[in-house]
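Working notes, beginning with the structure itself.
All ligand and atom numbering here is 1-based and tracks the order in the structure. Quick note: residue numbers are just sequence positions, from 1.
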Amino acid sequence: MLNKPRLLTPGPTPLPEQIRLVMAQDMIHHRKAAFKHVMAELQERLQMLFGTSQPVMSLACSGTGVMTAAVTNLFAPGEKVIVVDGGKFGERWAKIAKGHGLEIVTLSVAWGTAVTTAEVEAALDAHPDARGLFVQNSETSTGVLHPVRELAAITRTRDLLFVVDGISSVGISPCPMDAWGIDCLVTGSQKGLMLPPGLGLIALSERAWNKAETVPPACFYFNLLSERANVQKNQTLFTTPVSLIIGLNESLKMFMDAGLETVYRKQWALTMLARTAVKEMGLELLAPDHFTWGLTSVRLPEGVDGGKLLEIAADRFGVIMAGGQDHLKGRAVRIGHMGWVDWADLAAGLHALAESFRACGGYIGSRDYLEKGLQAYHEALLTYDGTV
Ligand SMILES: *Cc1c(COP(=O)(O)O)cnc(C)c1O
């Protein structure tokens with residue numbers, strides 16, 4: 001009662017009321033005209049969101065499901081692929097590819113740093129027989145933004161597919177598929193798109209479709225060629241989560257009404273708010289240079305227990321944040337500011353972070369970290385020019 005719960009995790013995120021309300025409507029049948037109408041509208045909006053002229057397919061699964069669909073539809077067992085592994089989700093690409101019987105070359109990157117084009121070029125030169133390159137746009141476990149645009153450019157002249165996990169970047173920072181030259185882009189409903197979990201989205205470039213046509217079907221459920229044939233009829237291959245599709249259509253309507261540029265401007269400004277305030281508190285950013293726009297990760301000093309800090313933030317302030325993963329468990333805090341989060345939610349989150357940090361024995365000298373953060377936010381709103 002004292003506090004309004006504020007979900008500041010890197011997915012799931014809070015939901016706008018208008019999306020919750022459209023999802024509360026009674027069921028419509030997924031093979032009838034009313035639903036086909038929604039699918040037609042949605043397809044146009046999805047193509048705008050992904051920046052592609054190719055169909056975007058919605059699958060009933062979490063983000064890992066569409067990652068799996070990408071691997072199994074684009075590569076045949078035995079093919080060699082290069083995986084950029086700079087955190088939990090890079091590691092996941094490798095696990096999925098291994099499960100599908102691919103030969104994996106892992107390009108390991110230290111947690112908190114982005115892969116460089118030179119590193120990727122060297123790997124591509126060393127393995128000219130590699131047929132795929134896998135990367136995260138935003139590595140959510142560390143808060144790093146990998147240079148997808150530059151990586152796409154170096155893959156264009158080579159005979160391999162560039163596959164991007166955009167689960168925590170689509171709808172958060174620009175990642176236009178066709179303009180940059182991405183062969184496969186995937187995302188999920190519960191990160192930037194202001195929806196509950198449960199929908200995966202995936203699109204392929206023309207050359208990826210050409211490749212997919214040569215790969216023997218690996219599984220009955222994730223069959224992108226059949227999904228594409230259904231999308232062309234404003235349908236889905238199997239029974240889809242109808243309410244989530246209706247919610248997604250509403251969410252993208254909100255995006256299109258505001259303009260994607262405004263969505264990215266807001267996300268950039270929130271990122272400036274969080275990073276400025278955290279630095280002002282004297283805390284260490286986990287991704288100092290190449291950082292994602294939807295979350296801010298903070299490395300905790302020795303002696304401050306991250307698990308306890310998160311508990312205090314939730315119990316005393318109503319703010320729910322995420323911790324570190326693997327070797328960063330208890331050693332980091334990840335504040336999500338993606339989806340339906342605004343400056344006031346984030347200011348509450350940063351205040352909860354500072355006070356919980358103090359309650360765990362940490363020292364914060366600054367009294368005006370929020371003022372400085374909000375100033376950076378307003379400046380960023382004015383100066384954002386759309387470049388990544
Ligand atoms: C959240 C996330 C995933 C996993 O998505 P699930 O919906 O939990 O399967 C994969 N990659 C990235 C970058 C993510 O942020």
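- A cation-pi contact, defined as under 6.0 Å to the ring centre and within 45° of the axis, links Lys191 to Phe89.
- Per-residue contacts place Lys191 under 4.0 angstrom from the following atoms of ligand 1 (heavy atoms of the residue considered): 1 (C), 2 (C), 3 (C), 14 (C), 15 (O).
- Among protein heavy atoms, the minimum distance from atom 4 (C) of ligand 1 is reached at Arg92 NH1, 3.5 Å.
- For the residue pair Thr236/Asn230, the side-chain donor-acceptor check at 3.5 Å is not satisfied.
- Here OG1 of Thr117 is found 5.5 Å from CD1 of Ile154. Values are rounded to the nearest 0.5 Å.
- Within the listing of ligand 1, atoms 5 (O), 6 (P), 7 (O), 9 (O) sit less than 4.0 angstrom from a heavy atom of Gly63.
- Residues passing the side-chain contact (heavy atoms from CB on, under 4.5 Å) test with Ala218 are Thr72, His100, sequence neighbours excluded.
- Distances below 4.0 Å separate heavy atoms of Gln190 from the following atoms of ligand 1: 6 (P), 7 (O).
- Ligand 1 lies out of reach of Glu139, whose nearest heavy atom is not under 4.0 Å from it.
- Using cut-offs of 30° and 60° for the angle between ring planes, the Trp93 and Phe134 rings count as tilted.
- Applying the 4.0 Å criterion to heavy atoms of Ser62 picks out, from ligand 1, the atoms 6 (P), 7 (O), 9 (O).
- Distance from atom 3 (C) of ligand 1 to its nearest protein heavy atom, with residue and atom name: Phe89 CE2, 3.3 Å.
- For ligand 1, the polar-atom distance check against Gln136 finds no nitrogen or oxygen pair separated by under 3.5 Å.
- Between the Arg45 side chain and the Asn249 main chain, a donor and an acceptor come within less than 3.5 Å of each other.
- Judged by the shortest distance from any of its heavy atoms, Ser138 lies inside the 4.0 Å radius around the atoms of ligand 1.
- Taking the six-membered ring for Trp and the full ring otherwise, the centers of Phe317 and His351 sit less than 6.0 Å from each other.
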Side-chain donor-acceptor distances from residues 10-20 under 3.5 Å, at least two apart:
unit_1, atom_1, unit_2, atom_2, d
Gln18, NE2, Glu250, OE2, 2.9
Arg20, NE, Leu15, O, 3.3

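- Applying the 4.0 Å criterion to heavy atoms of Thr140 picks out, from ligand 1, the atoms 12 (C), 13 (C), 14 (C), 15 (O).
- Near Asp165, with a cut-off below 4.0 Å to any heavy atom, the atoms of ligand 1 are 10 (C), 11 (N), 12 (C), 13 (C).
- Here is the list of ligand 1 atoms found below 4.0 Å of a heavy atom in Met67: 10 (C).
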